[in-house]
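Read the numbers this way: they start at 1 and go in the same order the structure lists the ligands and their atoms.
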Amino acid sequence: MSKILIVEDEEAIADLEKDYLELSGFEVEIENRGDMGLVKALNEEFDLLILDLMLPEIDGFEICRQVREKKDLPIIMVSAKKDDIDKIRGLGLGADDYMTKPFSPSELVARVKAHLSRYDRLIGSGKKTNDIVEIRGIKIDKTARRVWVNGEEKQFTTKEFDLLTFLAENPNRVFTKDELFREIWDMESIGDIATVTVHIKKIREKIEFNTAKPQYIETIWGVGYRFKA
Ligand code: CA
């Protein structure tokens, strides 16, 4: 449930806004003084702030400015002043919306819903999703560096993981052992192309049902390996 803070010194207006928002399923708290509202907005978790402009002690502009510095939540400023300059000032301080009193409570509810869903989308789109490679029952989570074979998680060493991921990301292409060695092991590393053979064997033991008849990593005799997609 989304939690909304109303900072409004006209109690009748604050109560009306609260009633309508609660009817729409929001949890609502009211502060009538600017200084109290600022403290509450900064120290408690809210999903949206409805902020009156003219308030005792600290006005809505100052509250908006201070909250904006610390918190990322939609702020709707309301005011009895129809002055356009006030609107611009309000928006310039980082308010998301501005409403002139008197407004219909249902208009307020509609805007609250619109801003909350817009913020959800912004936050949602900022979330990093894991980079997944999936081929015929093998699932490789590149971000978490985890591998599942037919739903069962298997453990791989760093180089086994890198080699498997590289092959799976380049399916149906034949790579020589030299190419794979250069790709996965840096030039300084000790070892040779026999290392590739050993790692392929280890990987097959973990992903193949029958290592004598590999279904994923095929040996192309005299050339190298190919991951069959
Ligand atoms: Ca006021």
Item to check | Heavy-atom pair of closest approach, residues Leu49 and Leu73 | outcome: N-CD1, 4.1 Å
Next on the checklist: Would Lys206 pass as a cation-pi partner of Phe156, given that its NZ or CZ must be under 6.0 Å from the six-membered ring centre and within 45 degrees of the axis?
Outcome noted: yes
Next on the checklist: Let me confirm one number: the OH-CG distance from Tyr20 to Leu108, rounded to the nearest 0.5 Å.
Outcome noted: 11.0 Å
Item to check | Close aromatic pair by centroid cut-off 6.0 Å: Phe227 and Phe166 | outcome: no
Next on the checklist: Distance check below 3.0 Å: does Ser79 bring an N, O or S atom to the Ca ion (ligand 1)?
Outcome noted: no
Next on the checklist: Between Glu10 and the Ca ion (ligand 1), is there a contact where an N/O/S atom of the residue lies under 3.0 Å from the metal?
Outcome noted: no
Checklist entry - Hey, what's the angle at the Ca ion (ligand 1) spanning OD1 (Asp9) and OD2 (Asp52), nearest 10 degrees? => result 80°
